[in-house]
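One structure is given here, and the rest of the page talks about it.
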There are 2 protein chains.
Amino acid sequence: MSNGVTISQAAAFAGVTVKTVRHYHKHGLVDEPRRDSSGYRRYGSAELLRLVQVRTLAAAGVPLAEIGPMLDADAEQFAAAIADVQRRLTERIEDLIARRDMLHRLADGDGVLLPDRARAFLDRLPDFGLSAENIAAIRDGLVLTRALVPEGFDDYLTEVERALGDTKFVELSKRSWEAAAWAPDDPRIEELANATVDHFLENPGLLAILTSLQGRSDDADARYGMISRYGKNRAPAWARLTKLVEKKLRSAGVPIPNQ
Amino acid sequence: MSNGVTISQAAAFAGVTVKTVRHYHKHGLVDEPRRDSSGYRRYGSAELLRLVQVRTLAAAGVPLAEIGPMLDADAEQFAAAIADVQRRLTERIEDLIARRDMLHRLADGDGVLLPDRARAFLDRLPDFGLSAENIAAIRDGLVLTRALVPEGFDDYLTEVERALGDTKFVELSKRSWEAAAWAPDDPRIEELANATVDHFLENPGLLAILTSLQGRSDDADARYGMISRYGKNRAPAWARLTKLVEKKLRSAGVPIPNQ
DNA sequence: ATGAACTCTGACCCAAGGTCAAGGTCAAGC
DNA sequence: GCTTGACCTTGACCTTGGGTCAGAGTTCAT
């Protein structure tokens with residue numbers, strides 16, 4: 001009956017829903033327009049302009065609470081605010097692109113848990129005669145290590161990779177895995193512990209496997225204990241073996257956290 | 001005391017907050033892990049894997065309700081779902097880029113309301129001797145026209161642009177704007193109406209200005225009335241002028257919606 | 001043994017709308 | 001003149017993906 005467009009026409013023009021327009025009124029972002037004789041809202045071009053401004057900013061991810069002050073500020077502040085919104089939007093876009101690229105790693109489980117270097121390391125293990133079960137346990141250990149001591153993980157991996165070139169170390173490790181199936185009082189455990197400690201002391205470079213996870217911070221030391229305990233619950237023989245090795249190393253002067 | 005990492009370590013590893021991890025448990029996205037003797041949750045590598053999978057999908061904008069079914073589906077369906085998520089993400093990214101580019105038009109008010117062609121049209125008007133006030137009114141009219149008859153706006157603008165080359169039409173239009181200030185019973189109104197109608201009838205091409213907004217649909221006809229009424233409330237002389245013109249055109253056989 | 005830093009559950013809060021309900025208004029067709 | 005369907009009004013509750021707060025227990029280092 002009167003001039004101006006209705007709320008649904010205004011909403012369609014701005015590309016939002018009727019409810020959204022009323023939402024903007026309720027939050028004071030767009031002034032309520034005149035009402036006609038039936039109480040219907042009638043929008044003129046001033047309100048349409050404001051509406052389009054608001055939804056453009058809202059669609060760009062600006063929180064509604066910031067939009068009002070932005071539009072009511074002077075031209076200079078407004079320009080600065082717009083530049084800021086554009087900057088944030090650019091960041092957001094780059095983040096989404098990174099996440100999109102990350103998605104294809106989801107197809108393979110390890111892809112999101114371990115970096116490529118660690119996966120390559122695991123891929124080499126079958127050549128050393130380790131069983132799929134052992135490798136899965138090693139994988140879990142790597143994942144936990146990375147979760148617990150992320151800052152030491154790269155160095156740790158480097159040391160373990162290097163140790164793979166040491167035939168004797170690989171052999172001892174394999175026997176240690178087998179030891180999980182032994183009885184806790186099996187005499188071979190002490191024998192294996194001695195051989196392991198001897199080899200570590202003869203090749204001090206191997207100790208870097210341990211130190212790469214220690215000394216970085218007090219926290220890291222505590223976490224080392226947690227990692228070394230991982231799996232003990234499953235195999236009592238393994239627990240005894242680890243305990244013996246740690247004790248012998250410690251008595252040889254190698255600092256091992258004892259928690 | 002037991003193996004596995006605590007909730008805050010798991011959360012840090014996955015890049016989310018502790019609260020978010022619990023949220024995922026509550027919604028069944030990640031199974032509750034074992035509890036230690038104090039009732040603390042202890043996460044192993046299987047839970048860490050699941051947690052990272054969930055947050056990767058959630059960060060890519062997948063609704064939580066869809067994530068569970070996705071991860072529990074077989075590899076083929078999962079791959080298809082991932083491809084779909086990537087597609088949606090790409091759309092979203094392109095949308096955000098468009099919105100970012102749109103933002104700089106906000107600096108100038110008309111930029112978001114009218115397309116470049118209409119702005120160029122308005123920019124030419126001062127050369128024809130129209131006052132800033134008249135131009136603002138014309139601008140409002142264009143905005144409302146675009147809001148009401150978006151599908152006819154381009155044609156309408158083309159016709160109005162063409163009419164700008166018609167000196168007599170421009171002169172009549174300027175007199176019409178002046179008429180807003182006249183008394184409603186000013187005898188010049190009838191005179192101006194006659195001159196306008198005569199000119200329209202001598203130059204039938206001008207009638208396209210009207211028809212570009214009509215006949216497109218029944219709705220559009222009704223909306224034409226709304227547009228033609230725009231401003232009438234402000235100037236009674238203008239209302240009378242419009243009414244006379246419409247009446248005379250109609251009696252000359254030109255179809256004008258009469259609402 | 002004391003304090004700091006974690007953990008637990010549960011309850012409420014938030015933005016930015018969507019949905020539903022219960023009625024008033026308007027134009028059209030019969 | 002009456003109905004039908006499309007709009008419009010307000011108000012109250014629902015949703016998503018968490019955040020915040022409260023009150024109590026745990027662990028760890030000093």
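Chain naming here is simple, since letters A, B, ... match the order of the sequence lines and numbering starts at 1 in each. No hydrogens, no waters, no symmetry mates; every other heavy atom, side chains included, goes into these values.
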Can you tell me if [X] touches the phosphate of [N], counting only side-chain N or O atoms and a distance under 4.0 Å to OP1 or OP2?
| X | N | answer |
| --- | --- | --- |
| A/Ser8 | D/dA6 | no |
| B/Arg35 | D/dG25 | no |
| A/Arg41 | D/dT10 | yes |
| A/Thr20 | C/dA16 | no |
| B/Thr6 | C/dT7 | yes |

Taking side chain as C-beta onward, heavy atoms only, is [X] less than 4.5 Å from [Y]?
| X | Y | value |
| --- | --- | --- |
| B/Gln53 | A/Leu106 | yes |
| B/Lys26 | B/Arg22 | no |
| A/Leu57 | A/Glu66 | no |
| B/Val54 | B/Val16 | no |

Can you check the [X] [atom1] to [N] [atom2] distance for me, whole Å?
| X | N | atom1 | atom2 | answer |
| --- | --- | --- | --- | --- |
| B/Gln9 | D/dT27 | CD | P | 14 Å |
| B/Tyr43 | C/dC6 | OH | C1' | 13 Å |
| B/Arg42 | C/dT7 | CZ | C1' | 10 Å |

- request: With a 4.0 Å heavy-atom cut-off, tell me which residues in residues 21-33 of chain B come close to DNA chain C, sorted by residue number.
  value: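 Nucleic-acid contacts, sorted: B/Arg22.
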
query: Quick one: side-chain contact (heavy atoms from CB on, under 4.5 Å) partners of B/Asp74, sequence neighbours excluded?
result: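 Result, side-chain contact (heavy atoms from CB on, under 4.5 Å) vs B/Asp74: B/Glu76, B/Gln77.
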
field: With B/Ala60 via side-chain contact (heavy atoms from CB on, under 4.5 Å) - residues at least two apart
entry: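 Result, side-chain contact (heavy atoms from CB on, under 4.5 Å) vs B/Ala60: A/Leu103, B/Val85, B/Leu89.
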
message: Under 4.0 Å between a side-chain nitrogen and a carboxylate oxygen: does that hold for A/Arg87 and A/Asp84?
response: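 Yes.
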
Using a cut-off of under 3.5 Å, enumerate the N/O to N/O pairs linking the protein to nucleotides 20-24 of chain C.
from	atom 1	to	atom 2	distance (Å)
C/dG24	N2	A/Tyr40	OH	2.6

query: Applying ring-ring contact (aromatic ring centres under 6.0 Å, His included), which residue pairs with at least one partner in residues 41-65 of chain B are found, sequence neighbours left out?
result: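 Passing the test, one end in residues 41-65 of chain B: B/His25-B/Tyr43.
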
message: Classify B/Arg55 by what it touches in the nucleic acid, base, sugar-phosphate, or nothing, heavy-atom distance under 4.0 Å.
response: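 Answer is nothing: B/Arg55 stays at 4.0 Å or more from every strand.
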
message: Which residues pass the salt bridge (Lys or Arg N to Asp or Glu O under 4.0 Å) test with B/Arg55, not counting sequence neighbours?
response: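 Result, salt bridge (Lys or Arg N to Asp or Glu O under 4.0 Å) vs B/Arg55: none returned.
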
